[in-house]
Amino acid sequence: MKFKITEDSAQPIYVQLAQQIIIAIATGDLDPGDQLPATRVLATELAIDPMTVSKCYQLLKQRGYVEGDRHRGTQVTSNLPIIDSETITPELTVALAKGLLQGLTIRQLQELCQTIITHFRPLPKVSTKI
């Protein structure tokens with residue numbers, strides 16, 4: 001699995017990496033139980049500081065996407081977090097508002113959402129609370 005870091009992004013590198021790992025889980029590129037690369041290995045591959053990868057893994061651990069420790073390594077948790085619509089709505093609203101303010105039409109935003117959704121796959125342990 002390849003991760004892409006954008007150095008000139010306003011978003012911190014550890015957040016970029018965490019978002020890409022969450023997307024990889026949602027698309028099925030990473031499954032529950034899959035081992036993530038060791039901190040130093042991933043840092044070397046991406047030419048970033050190992051502390052940045054460690055900070056990313058810590059963030060994902062706090063949010064319930066990964067588990068592990070320095071002896072076992074880090075793996076995707078089999079008990080992925082359940083997020084309800086009240087939790088996700090603010091983030092989704094901001095993302096859609098940004099698209100609208102950049103000139104996309106509502107129809108284009110709908111098509112873009114549909115395109116993105118087709119890349120995701122349902123996970124057996126995900127709740128249907130949304």
Side-chain angles (χ1 to χ4, degrees):
M1 159 162 312
K2 289 284 188 188
F3 298 109
K4 186 174 185 252
I5 300 303
T6 305
E7 295 285 339
D8 59 349
S9 171
Q11 210 161 37
I13 292 171
Y14 77 96
V15 173
Q16 292 179 48
L17 186 54
Q19 289 176 341
Q20 290 179 50
I21 290 171
I22 291 169
I23 291 168
I25 295 168
T27 59
D29 290 336
L30 285 172
D31 289 315
D34 281 355
Q35 193 78 23
L36 294 178
T39 302
R40 289 177 192 218
V41 170
L42 187 54
T44 301
E45 285 176 13
L46 297 174
I48 60 176
D49 190 307
M51 288 304 295
T52 302
V53 176
S54 181
K55 194 171 182 178
C56 164
Y57 285 0
Q58 206 50 38
L59 176 67
L60 290 169
K61 226 181 256 189
Q62 289 170 351
R63 294 189 178 167
Y65 292 99
V66 301
E67 58 191 10
D69 56 43
R70 71 169 93 140
H71 301 293
R72 294 183 300 143
T74 304
Q75 60 273 340
V76 177
T77 186
S78 20
N79 297 311
L80 290 164
I82 297 172
I83 298 176
D84 60 20
S85 60
E86 288 179 24
T87 304
I88 199 69
T89 298
E91 288 181 53
L92 187 55
T93 301
V94 169
L96 292 170
K98 285 179 181 179
L100 193 63
L101 293 172
Q102 293 299 315
L104 293 176
T105 65
I106 290 176
R107 181 74 183 140
Q108 288 172 315
L109 289 170
Q110 289 171 328
E111 289 172 0
L112 181 58
C113 286
Q114 189 57 46
T115 300
I116 292 168
I117 288 169
T118 61
H119 294 289
F120 296 152
R121 60 144 171 106
L123 296 172
K125 298 212 182 237
V126 174
S127 169
T128 56
K129 284 177 76 173
I130 297 179

Margin query: For the CD1 atom of I48 and the CG atom of L42, what is their distance to the nearest 0.5 Å?
Written below: 6.0 Å
Item checked: Rounded distance (nearest 0.5 Å) linking atom OG1 of T74 with atom CD1 of I21 -> 9.0 Å
Item checked: S78 OG to E67 CD distance, which is reported to the nearest 0.5 Å -> 5.5 Å
Next item on the list: Can you measure from CE (M51) to CD (Q58) and round to the nearest 0.5 angstrom?
Entry: 9.5 Å
Checklist line | Shortest non-hydrogen separation from E86 to P90 and the atoms involved | finding: O-CD, 3.3 Å
Next item on the list: State plainly whether the residues D49 and K55 are in salt-bridge range, i.e. N to O under 4.0 Å.
Entry: no
Note to self: Nearest 0.5 Å, please: how far is CD in Q20 from CG in D29?
What the structure shows: 11.0 Å
Next item on the list: Scan V66, I25, I22 and name whichever one has a side-chain contact (heavy atoms from CB on, under 4.5 Å) with L80.
Entry: I25
Check: According to a 4.5 Å side-chain heavy-atom criterion applied to Ile, Leu, Val, Met, Phe, Trp and Tyr, with indirect links allowed, do L92 and V94 form part of one hydrophobic cluster?
Finding: no
Next item on the list: Determine, step by step, whether Y57 and L36 satisfy the side-chain contact (heavy atoms from CB on, under 4.5 Å) criterion, reporting the C-alpha distance in whole Å, the side-chain angles of both residues, the deciding distance to 0.1 Å, and the verdict.
Entry: CA-CA 9 Å; Y57 285 0; L36 294 178; 3.5 Å; yes
Next item on the list: Give the C-alpha distance, both sets of side-chain angles, the deciding distance and a yes or no for side-chain contact (heavy atoms from CB on, under 4.5 Å) between D31 and R121.
Entry: CA-CA 11 Å; D31 289 315; R121 60 144 171 106; 2.2 Å; yes
Checklist line | Members besides V15 in its Ile/Leu/Val/Met/Phe/Trp/Tyr cluster (side-chain heavy atoms under 4.5 Å) | finding: Y14, L59
Check: Would you say Q35's side chain and R72's backbone share a donor-acceptor pair under 3.5 angstrom?
Finding: yes
Note to self: Looking at every non-hydrogen atom in both residues, tell me the closest pair between P50 and T39 and how far apart they are.
What the structure shows: O-CG2, 3.1 Å
Check: Less than 4.5 Å apart, any side-chain heavy atom of L46 and any of T52?
Finding: no
Item checked: Of all pairs that satisfy side chain to side chain donor-acceptor pair (under 3.5 Å), the ones with a partner from residues 94-110, not counting sequence neighbours -> T105-Q108, R107-E111
Checklist line | Nearest heavy-atom neighbours spanning C56 and A18 | finding: SG-N, 3.5 Å
Next item on the list: Grab the two heavy atoms, one from H119 and one from T115, that are nearest each other, plus how far apart they are.
Entry: CD2-O, 3.1 Å
Item checked: Joint cluster assignment, I23 & I88, ILVMFWY side-chain distance < 4.5 Å -> no
Check: Do T87 and D84 have side-chain heavy atoms sitting under 4.5 Å apart?
Finding: yes
Note to self: Using modelled atom types and a 3.5 Å cut-off, is there a donor and acceptor pairing between side-chain atoms of T93 and backbone atoms of T89?
What the structure shows: yes
Checklist line | Flag, side chain of T77 to backbone of N79, donor-acceptor distance under 3.5 Å | finding: yes
Next item on the list: Treat each ILVMFWY residue as a node, draw an edge where side-chain heavy atoms are under 4.5 Å apart, and state whether I5 and V53 are in one component.
Entry: yes
